[in-house]
There are 2 protein chains.
Amino acid sequence: MKVKTVIYEDNDQLRDSLELLLSDSSGFEVAGTFNNCMNCIKQMDSLLPQLVIMDIDMPGMSGLEGVKQIKTLYPGIRIIVYTVFDDDQRIFDCICNGADGYLLKTISPLKLVESLKEVMDGGTPMSPFVAKKVFQYFRDKTTINADFQLSRREIELLEYLVKGYSYKMIAASCFISLDTVKKHLQNIYRKLHVCCGTEAVAMALKHKIVKLD
Amino acid sequence: MKVKTVIYEDNDQLRDSLELLLSDSSGFEVAGTFNNCMNCIKQMDSLLPQLVIMDIDMPGMSGLEGVKQIKTLYPGIRIIVYTVFDDDQRIFDCICNGADGYLLKTISPLKLVESLKEVMDGGTPMSPFVAKKVFQYFRDKTTINADFQLSRREIELLEYLVKGYSYKMIAASCFISLDTVKKHLQNIYRKLHVCCGTEAVAMALKHKIVKLD
DNA sequence: TAAAAAATAACCCTATCGGGTAATTGTTTC
DNA sequence: GAAACAATTACCCGATAGGGTTATTTTTTA
C-alpha cells in the first residue's frame, strides 16, 4: 500500500522534481500538487492524503497557516515542512502548529525520502541544523540567569505573593505578624531591584525563582 | 584522524560491546571505558577526549550529573547520552545540562555509529521517540489554555502592570486619567478571576497573555 | 442604522502597600 | 566566643490600590 501524498510548493520546477522523486520511490503515490495552500482544506476533504509536504513561503496563504488549518481539522494527516527558512521563529511556529517534521531544502533527495518514510513510521524527522536549534532552545530557556541571594524564608513569602496572597493573608499563612511580612517583602524588593509586588512577581517568574505548578 | 572517545557504561557486557563496535568502526578510537563517572573530570583532564558516550543509570554518580560537570568544564567535548530511559524528565534534564544527543539503547549498532559521526559533524542525533517528545513538548508549552476575552486596550494595560508600572505611571504612559486606568484594571481583574495586581501578573504570565521579552 | 461593546472620565471611600527607623532573638560561620 | 546573618516584632506615615456608582463618547458589530 503506497502512501497517498500531497505536495504544496510554489516553485514549479521544484514541485515537479518532488513529484518525480516520490513517484520513483516505491512507497509513495502523489495524489496532488499545488503551488499555494489557499484551498488546502478543500483539497484535504477531497483527496484525503496520509502525508503532506508543505513549503512555507507561498503566495496567498503561508504554509504555516496551512499546517495549522490542516492539523486542526485532520490531526491524523502527517505534515512535513520543507523550506529554506532556518530561523528560530519559523521553526518553532511550525512545530507549535503541529508539524510532524521540519526539513531544510539543503537535504539530499535520498535523505528526504528516508525522512518521509520515517514520519510515516511515527517518527519526527528534522534536519541536523533544526535539531541543534531545538536543543539550544531548551538550554537557553531553562538556564537560571541570576542569583538574588534570597533566603529560604524570603522565597517562601515570594511564593505566596505570586499566588496573589495579600500581606495579611501571608502573615496568617506563615503564622507571623503583618510587620514581619512587610519587612521580608521590603528585603525581597530590594534584592530583586524592584519597587512593588507586581514587578516582583514578574521578576520571580522570569528568573524561575518560583515555579507556577 | 580518529575521534578520541570515552565510554561510561556500568553494564560490563554492553561496555565491552560498545568498545568493540567503535574499535571496528573506522573513525573512532576508544581512549578509555569506565563503569561509573565519579571521577569523570579527572578522566577528562588526563584523556582529553573529543567524544563521550554516557549512560545515565550508574552507581555513585548519575550520568546526568556527569554531563553537567563535563560540559561546565569542557564545553567543547561532545556528549551523547545512551540510555534505556525515555521519560520526559530525564530527556529534558540531559538536554538542558548540555547533552549533544540522546540515543535510546534500542538503536541499532549501525545507527549508533552513524549518530556518533553525526554529532562530530556538529549535528544533534536523537532517537525518533526522543524527537517526538521534544516536538510534543513545544506544542504543549505554547498552547494557550484559556481565552479571557480581554480587549486590546486591556492587554496593553496588563503589559504595563507586568512591567511593574504603578497605576499613575500607566495613566501617564497611556495618556489617560488615573480613573480610567483603575476602571480598566478592575475589568481585567474580573475577567481573569483574580483580586489584585500581583495575582493578575502571575495569571498573565502563566497563560501567556503577555510575554516577558 | 440600531445595538452592543470598548474606552473614557469623575467622585467617594477604605484597606493595603511599602518605606523609614529601631530593636530583639536565634543560627551559622569564622 | 565574636561577628554576621536570618527571622522576628513594633510604630509612624503617606501614597497607592482597588471597589462601588454613574455617565459620556467612540468604535465595532449585527
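Numbers restart at 1 for each chain; the letters A, B, ... are given by sequence-line order, proteins then strands.
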J.: Please confirm whether the backbone N or O of B/K42 pairs with a side-chain atom of B/N39, one donor and one acceptor, at under 3.5 Å?
T.: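 Judged by distance alone, no pair lies under 3.5 Å.
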J.: Sort and list the pairs that fulfil ring pair (Phe, Tyr, Trp, His ring centres under 6.0 Å) and have at least one residue in residues 161-197 of chain B, not counting sequence neighbours.
T.: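 Residue pairs passing ring pair (Phe, Tyr, Trp, His ring centres under 6.0 Å), neighbours aside: B/Y160-B/Y165.
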J.: Counting distance only, does the side-chain N/O of B/T5 pair as donor-acceptor with the main-chain N or O of B/F28 below 3.5 Å?
T.: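 Flag not set: sc B/T5 to bb B/F28 has no pair under 3.5 Å.
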J.: Take the protein atom CD of B/E199 and the nucleotide atom P of D/dG18, then report the distance between them rounded to whole Å.
T.: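 Rounding to the nearest Å, CD of B/E199 and P of D/dG18 are 11 Å apart.
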J.: Nearest heavy-atom pair of A/I77 and A/K71: which atoms, and what distance?
T.: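 Nearest pair, atom of A/I77 first, then A/K71: O-NZ, 3.0 Å.
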J.: Would you say B/S166's side chain and B/M169's backbone share a donor-acceptor pair under 3.5 angstrom?
T.: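 Yes; at least one donor-acceptor contact below 3.5 Å.
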J.: Write down the distance between CD1 (B/I188) and C1' (C/dA7), rounded to a whole number of angstrom.
T.: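 In whole Å, C/dA7 C1' lies 12 Å from B/I188 CD1.
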J.: Can you tell whether the side chains of A/R90 and A/D93 come within less than 4.0 Å, N to carboxylate O?
T.: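 Judged by the 4.0 Å cut-off on N to carboxylate O distance, A/R90 and A/D93 do not form a salt bridge.
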J.: Identify each atom pair where a protein N or O and an N or O of nucleotides 5-8 of chain D are less than 3.5 Å apart, giving names and distance.
T.:
{"from": "D/dA7", "atom 1": "OP1", "to": "A/R153", "atom 2": "N", "distance (Å)": "3.2"}
{"from": "D/dA7", "atom 1": "OP2", "to": "A/S151", "atom 2": "OG", "distance (Å)": "2.3"}
{"from": "D/dT8", "atom 1": "OP1", "to": "A/R153", "atom 2": "NE", "distance (Å)": "3.3"}
{"from": "D/dT8", "atom 1": "OP1", "to": "A/R153", "atom 2": "NH2", "distance (Å)": "2.7"}
{"from": "D/dT8", "atom 1": "OP2", "to": "A/R153", "atom 2": "NE", "distance (Å)": "2.8"}
{"from": "D/dT8", "atom 1": "OP2", "to": "A/H184", "atom 2": "NE2", "distance (Å)": "2.9"}

J.: Axis-to-axis angle across the helix from C/dT1-D/dA30 to C/dC30-D/dG1, five pairs an end, to 10 degrees?
T.: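 Angle reported: 80°, given to the nearest ten degrees.
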J.: Please give me the minimum heavy-atom distance between A/A131 and A/M126, naming the atom from each residue.
T.: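 Closest approach of A/A131 to A/M126: CA-SD, 3.7 Å.
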J.: Can you check the A/I170 CD1 to C/dT16 P distance for me, whole Å?
T.: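 Taking atom P of C/dT16 as the reference, CD1 of A/I170 is at 13 Å.
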J.: Could you state the CG-P distance from B/D179 to D/dA23, rounded to the nearest angstrom?
T.: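 Atom CG in B/D179 sits about 16 Å away from atom P in D/dA23.
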J.: Within the sub-3.5 Å range, which N or O atoms of nucleotides 24-30 of chain C have a protein N or O partner, and how far apart are they?
T.:
none

J.: Between the protein and nucleotides 15-17 of chain D, which nitrogen or oxygen pairs are less than 3.5 angstrom apart?
T.:
{"from": "D/dT16", "atom 1": "OP2", "to": "B/K168", "atom 2": "NZ", "distance (Å)": "2.8"}
{"from": "D/dA17", "atom 1": "OP1", "to": "B/Y167", "atom 2": "N", "distance (Å)": "3.1"}
{"from": "D/dA17", "atom 1": "OP2", "to": "B/Y167", "atom 2": "N", "distance (Å)": "3.1"}

J.: Rounding to a whole Å, what distance do you find between B/Q186:CD and C/dT8:P?
T.: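 Those two atoms, CD and P, are 15 Å apart.
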J.: What is the minimum heavy-atom distance between B/P125 and B/I80, and which atoms define it?
T.: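 That would be CG-CD1, 3.6 Å.
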J.: For B/K105, look at atom NZ and say whether over 12 heavy atoms of other residues, nucleotides or ligands are found less than 6.0 Å away.
T.: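 Yes, enclosed.
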J.: Is there a side-chain contact (heavy atoms from CB on, under 4.5 Å) between B/T83 and B/D57? Walk through the geometry before answering.
T.: CA-CA 8 Å; B/T83 177; B/D57 189 34; 6.0 Å; no
J.: Sorted by first residue and then second, give each ring pair (Phe, Tyr, Trp, His ring centres under 6.0 Å) pair with at least one member in residues 43-101 of chain B; sequence neighbours left out.
T.: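 Residue pairs passing ring pair (Phe, Tyr, Trp, His ring centres under 6.0 Å), neighbours aside: A/F138-B/F92, B/F92-B/Y137.
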J.: Shortest non-hydrogen contact from A/T33 to A/V30?
T.: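 Reported closest heavy-atom pair: CG2-CG1, 3.6 Å.
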J.: Please check if the side chain of B/R78 supplies one atom and the backbone of B/Q50 the other of a donor-acceptor pair under 3.5 Å.
T.: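 No, because the side chain of B/R78 does not come within donor-acceptor range (under 3.5 Å) of the backbone of B/Q50.
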